[in-house]
Amino acid sequence: MATTQETQRSEPATAEGKAELDVFRYIPEEDDEPHTETYEIETFEGMTVLDALIKIRDEQDSSLTVRHSCRMARCGSDAVYINGTQRLACNTQVSELSQPIDVEPLPRFDVIRDLVVEMNEFYDRMESVEPWFQPDHEPETGEEYLQSPENRKNIDTVLDCIWCGACTSSCSPAATDSDFPGPAALAKAYRFYKDEREGEETRKRRLEMLESSHGIYRCHTQFNCTEVCPKGISPTEAIMEMSRDAVKEKLRFWR
Amino acid sequence: MKKHDVLIVGAGGAGLRAAVAAHEAGADVAMVTKLHPVRSHTGAAEGGINAALKEEDDWKDHAYDTVKGSDYIGDQDAIETMTEEAPKEVINLENMGMAFSRDENGRVSQRAFGGLSFPRTTYASDKTGHMLLHTMYEQVMKRGVTVYDEWHVTNVVRDNGKCHGVVAYDIQSGEMEGFTAGATVFATGGMGQVFEHTTNAVSCTGDGMSMAYRAGVPMEDMEFVQFHPTTLPSTGILITEGCRGEGGILYNNKGERFMYEYGYAPNDGELASRDVVSRAELTEVQEGRGFADDTVHLDLTHFGEEKIEERLSQILELARDFEDVDPVTEPIPVKPGQHYSMGGIACNADGETELPGMYAVGEAACVSVHGANRLGGNALLELVVFGRLAGEHAANNHLTNVSTKSVEEAVKDERARIDSLMDGTGEHQSEIRQDVQDIMTEKVNVFRDEEGLMDALETIHEARERYQNVNVKDTSHTFNTDLTQTIELRSILDVAEAVTLGALERTESRGAHWRYENQERNDDDWLKHTMVYHTDDGPTVEYEDVEIKEYKPKARSY
Ligand SMILES: Cc1cc2nc3c(=O)[nH]c(=O)nc-3n(C[C@H](O)[C@H](O)[C@H](O)COP(=O)(O)OP(=O)(O)OC[C@H]3O[C@@H](n4cnc5c(N)ncnc54)[C@H](O)[C@@H]3O)c2cc1C
Ligand code: FES
């Protein structure tokens, strides 16, 4: 039997039986239309959907393609649509899913091939919020900027974003308005907006930028993004907080 | 044909830092990378980055700790550069916005790490690499540096004794293109995929090491491979040393704190150097004092949920999701796994290699600062210190007489080589790769002996023969990972051979390299660097002196 290069790493403690996967397949040079391919595999204890896909690739069909790298929910390469939800293949246990397991590329992204989607538009959205540190003053100590542990904690809620795209794929306003940065980019904006090291001027400028017609008010507060985030981030709450601040800021201006 | 003054191959922490430095020095710089930058494995680094920041600390102590950790085979001039520059570079990261954890005064926090005489590991929760990688990429975006992502570099263009650039394969379209550059900086990361059980990503296949080697630049000290003592048994996922830095305890199956009980490290216990702890764990297992799957237990249950949540939140997630263990209430089973390559492309502190126009930096490089054993928290440091130096040097000294013609020729040759992998029939890469990974984890692991190393070399040679007849089944030109993996397999073979050969020749035990027949360090014969050169008839080995300054070799104990 063909051995597998990555799944073998997770030596099966007990062969736990079989699983059936219905996988979205599309190779542009070969297929006019996408189709679904059904694969049956032997499972092992602790097998993830990524393990299953790799096993299929190594043992049954070497053309099956999925982006992946770290295998530990860190690189954000393998967000896919599993049984109707955006998830990372590498931290989703096969044993938790009802079968046949349906695996598709991220909805609302263009498909390049099989489970691989075009990410450039997503990256552009991320870049649109100027996601880099913009302090408006020198650090007080002359060395490092001081930041209170509480402030550090505030931004911790969004810092873990791995740019997997799951949230943006789940967001209907992002699907209809390509100028709306979408949940991942707005969470990234919040990361800087809340960082006290940037200073008051930058904070105001960021808020104004985010308030534009395609900005924070586009959010329908449906919490889809929050539900699918594999890192437990709530872009919705971040957006709501910035919207509240923006409104307050206006009131102050009119008073 | 693309053309730039400075081309950075690889966009992990090392490549990104080099790109920022080259850009700031005024060069036209571009990056080419097989993964989008934020997918790079630097993001997986957990524990922290070392720097003598505090008044009570001294960079010279950091230098001494590093020399001692290296088992005296790290070059002391380079180690001094790294440790002296460390505070500046870490503060620079902070000034770029990196979200370090903070102490009650609002300063960046530091914690204890193995092999360090002072708690100088600066951290961002247990996601230091993630924060570093994203911060550096933010800086690259801010500067508008061109990034060619999902381009797989396959070859260095060497002509007339210098480097003219590289050839790369566009993963999305299947096109091959030449990149001409006056300076090419290899920042391609590690090679963990040479082994079966590793903390490294599937993309860590030693490509840069192999490409440099084939262009005539030696691989240095490849036998020194770090096996991290605390990886999850089923996946190889890393449980950071920060756990032990915060007070985590290692137990054997008799409930003994074996690091002390059996005298492996009577002073430092769990926080001894990684090679010492890995050997201790495997000795416990061999003597029947281990748990299932050849593990020992790492206990954090005395921390309480709050402390774990705050300082080691990723560990909670990883242990729960990937090993089904809850560190709050039960010990984590752990065992040693391949983690880091101390060896790499031979270069100096400015990243220059023997080949004019070619540089190396990061885990792909061997400066050498880690010698026979790297201290935790020194790899991320290496990325930023030497990333900056290499980027600046490349920007200021790039060649001006490189030839697009040489690059065009090379593109044709590479196209032919890649096409030949795709036509006809033959064996699939996955089987060959698995055999090599298995033998490496079995015979070129923590404990090594002559017979095992000879066996491993034989398997590698057979694998090379089989590779002659390898065949990519997938014929598509769109995102063909079957093809890219086949290209990577050649790198794995080159690196596996250099590691094993270096290990076989080095008849002493030093740092991470341990030989059954020669269990002592032998400074009379082996205080030297191994240089493996590529020839058409296979690798040849030469040796070079170690740079020793203030710290004379003495016995190493923890
Ligand atoms: C799990 C884990 C935890 C760690 N924790 C710590 C820690 O706490 N502290 C510490 O100091 N160190 C730590 N390390 C070590 C440290 O993280 C790595 O050594 C370091 O991040 C490597 O960085 P790099 O930039 O050299 O390579 P990488 O980040 O691996 O980047 C390599 C880049 O090269 C590109 N590339 C590779 N091959 C090609 C090719 N053929 N063509 C084009 N591009 C290519 C990739 O796309 C990628 O962008 C850890 C390592 C691991 C695995
Ligand atoms: S493979 Fe990296 S996040 Fe899943």
Side-chain angles (χ1 to χ4, degrees), chain A residues 2-6 8-11 13 27-30 45-46 48 57-58 62-63 65 67-77 91 93 112-114 116 119 123 127 130-133 135 139 141 143-149 151-152 155-156 159-163 191-192 195 197-198, chain B residues 35-36 38-41 43-44 91 94-97 99-108 124-125 127 130-131 135 138-139 141-142 172 196-198 201-203 234-238 293 317-318 321-324 428 430-431 433-435 437 472-474 476-482 485:
Chain A
T3 48
T4 67
Q5 61 216 33
E6 290 155 41
Q8 282 287 306
R9 188 167 294 119
S10 327
E11 203 66 41
I27 303 179
E29 299 104 307
E30 293 171 15
E45 201 182 304
T48 64
R57 183 197 73 195
D58 284 350
S62 68
S63 72
T65 305
R67 271 197 193 98
H68 66 287
S69 184
C70 69
R71 305 171 290 117
M72 55 184 283
R74 182 45 59 197
C75 72
S77 301
N91 76 351
Q93 293 286 321
I112 294 175
R113 164 185 180 154
D114 296 342
V116 177
M119 293 293 288
Y123 296 142
E127 231 175 299
E130 297 184 9
W132 46 81
F133 188 55
T141 62
E143 287 185 351
E144 71 212 280
Y145 289 94
L146 298 180
Q147 180 181 30
S148 67
N151 184 255
R152 172 61 178 72
I155 61 172
D156 207 45
L159 272 174
D160 207 13
C161 174
I162 54 175
W163 295 38
R191 174 252 171 280
F192 291 104
D195 194 322
R197 293 176 296 169
E198 283 204 338
Chain B
L35 305 173
H36 182 277
V38 300
R39 318 289 173 214
S40 301
H41 207 50
I91 291 300
E94 195 283 335
N95 287 177
M96 288 176 177
F100 285 110
S101 296
R102 300 284 165 163
D103 65 20
E104 60 283 3
N105 301 318
R107 315 277 307 248
V108 296
S125 174
K127 295 166 193 147
H130 171 78
M131 309 294 183
T135 303
E138 287 156 20
Q139 295 299 313
M141 281 189 283
K142 174 181 164 190
Q172 279 200 28
E196 220 264 348
H197 191 80
T198 175
V202 295
S203 52
S234 61
T235 51
I237 288 174
L238 180 81
D293 294 335
E317 204 181 293
L318 293 173
D321 289 356
F322 293 92
E323 200 66 44
D324 203 15
H428 191 247
S430 67
E431 293 161 37
R433 186 194 288 226
Q434 185 65 48
D435 288 348
Q437 290 172 330
V472 179
K473 288 194 209 139
D474 184 352
S476 166
H477 290 291
T478 310
F479 227 96
N480 186 336
T481 52
D482 195 6
Q485 285 194 301

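All of these numbers come straight from a predicted model, not from anything done at the bench. Letters A, B, ... mirror the listed sequences (proteins, then strands); counts begin at 1. Values below: all heavy atoms of this structure, side chains included; hydrogens, waters and symmetry mates excluded.
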Q: What is the distance from atom NZ of B:Lys127 to atom CG of A:Asp156, rounded to the nearest 0.5 Å?
A: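 Separation between the atoms: 6.0 Å.
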
Q: From B:Glu94 CD over to A:Leu146 CG, what is the distance, rounded to the nearest 0.5 angstrom?
A: 8.5 Å

Q: What part of B:Asp324 gets within 4.5 angstrom of chain A, counting heavy atoms only: side chain, backbone, both, or neither?
A: neither

Q: So for A:Pro149, is it side chain, backbone, both, or neither that comes closer than 4.5 Å to the heavy atoms of chain B?
A: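 Both parts, backbone and side chain.
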
Q: How long is the straight-line distance from CD of A:Glu144 back to CZ of B:Arg107, given to the nearest 0.5 Å?
A: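 Answer for the CZ-CD pair, B:Arg107 versus A:Glu144, is 4.0 Å.
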
Q: What heavy-atom pair brings B:Arg102 and A:Tyr145 nearest, and what distance separates the two atoms?
A: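 Heavy-atom minimum between the residues: NH1-O, 2.7 Å.
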
Q: At a 4.5 Å cut-off on heavy atoms, which part of A:Glu198 comes close to chain B: side chain, backbone, both, or neither?
A: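 Neither part; nothing is under 4.5 Å.
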
Q: Is there a donor-acceptor contact under 3.5 Å linking the side chains of B:Ser476 and A:Glu30?
A: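 No.
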
Q: With heavy-atom distances below 4.5 Å as the criterion, would you say the side chains of A:Arg74 and B:His41 are in contact?
A: no

Q: Is there a side-chain contact between A:Arg71 and B:Phe322 (heavy atoms, below 4.5 Å)?
A: no

Q: Under the criterion side chain to side chain contact (heavy atoms under 4.5 Å, CB included), I'd like the reasoning laid out for B:Thr235 against A:Met72: C-alpha separation, chi angles, the key distance, then a yes or no.
A: CA-CA 9 Å; B:Thr235 51; A:Met72 55 184 283; over 6 Å; no

Q: At a 4.5 Å cut-off on heavy atoms, which part of B:Asp103 comes close to chain A: side chain, backbone, both, or neither?
A: backbone

Q: Which region of A:Gln147, side chain (C-beta onward) or backbone (N, CA, C, O), has a non-hydrogen atom less than 4.5 Å from a non-hydrogen atom of chain B, or is it both or neither?
A: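 Contact with chain B involves both backbone and side-chain atoms of A:Gln147.
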
Q: Side chain, backbone, both or neither: which part of B:Ser101 has a heavy atom under 4.5 Å from chain A?
A: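 When you check distances to chain A, atoms from both the backbone and side chain of B:Ser101 fall under 4.5 Å.
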
Q: With chain A as the partner, which of B:Asp482, B:Val108, B:Asn95 has the greatest number of non-hydrogen pairs under 4.5 Å?
A: B:Asn95

Q: May I ask you to decide if B:His477's main-chain N or O and A:Glu29's side chain share a donor-acceptor pair within less than 3.5 Å?
A: yes

Q: By a 4.5 Å heavy-atom criterion (distance strictly below it), what part of A:Ile112 contacts chain B: side chain, backbone, both, or neither?
A: both

Q: To the nearest 0.5 Å, what is the distance between CG on A:Asp114 and OG1 on B:Thr481?
A: 8.5 Å

Q: Side chain, backbone, both or neither: which part of A:Asp160 has a non-hydrogen atom closer than 4.5 Å to chain B?
A: both

Q: Between A:Pro28, A:Ser62, A:Cys161, A:Gly76, which shows the greatest number of heavy-atom pairs under 4.5 Å with chain B?
A: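 That would be A:Ser62.
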
Q: Quick check for you: to the nearest 0.5 Å, what is the distance between A:Cys75 atom SG and B:Leu35 atom CG?
A: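 Between A:Cys75 SG and B:Leu35 CG, I get 7.5 Å after rounding to 0.5 Å.
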
Q: Just how far is it from atom CG of A:Asp58 to atom CD of B:Gln434, taken to the nearest 0.5 Å?
A: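 One finds 8.5 Å between CG of A:Asp58 and CD of B:Gln434.
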
Q: Side chain from CB out, backbone as N, CA, C, O: work out which of these in B:Glu317 comes under 4.5 Å of a heavy atom of chain A, or both, or neither.
A: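 The side chain, not the backbone.
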
Q: Backbone N or O of A:Ile162 within a donor-acceptor pair of the B:His130 side chain at under 3.5 Å?
A: no

Q: Heavy-atom pairs under 4.5 Å with chain A: which of B:Gln139, B:Met141, B:Met131, B:Lys473 has the most?
A: B:Met141

Q: Are B:Asp474 and A:Arg113 ion-paired here, with the side-chain N under 4.0 Å from a carboxylate O?
A: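 Result for this pair is yes, salt bridge flagged.
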
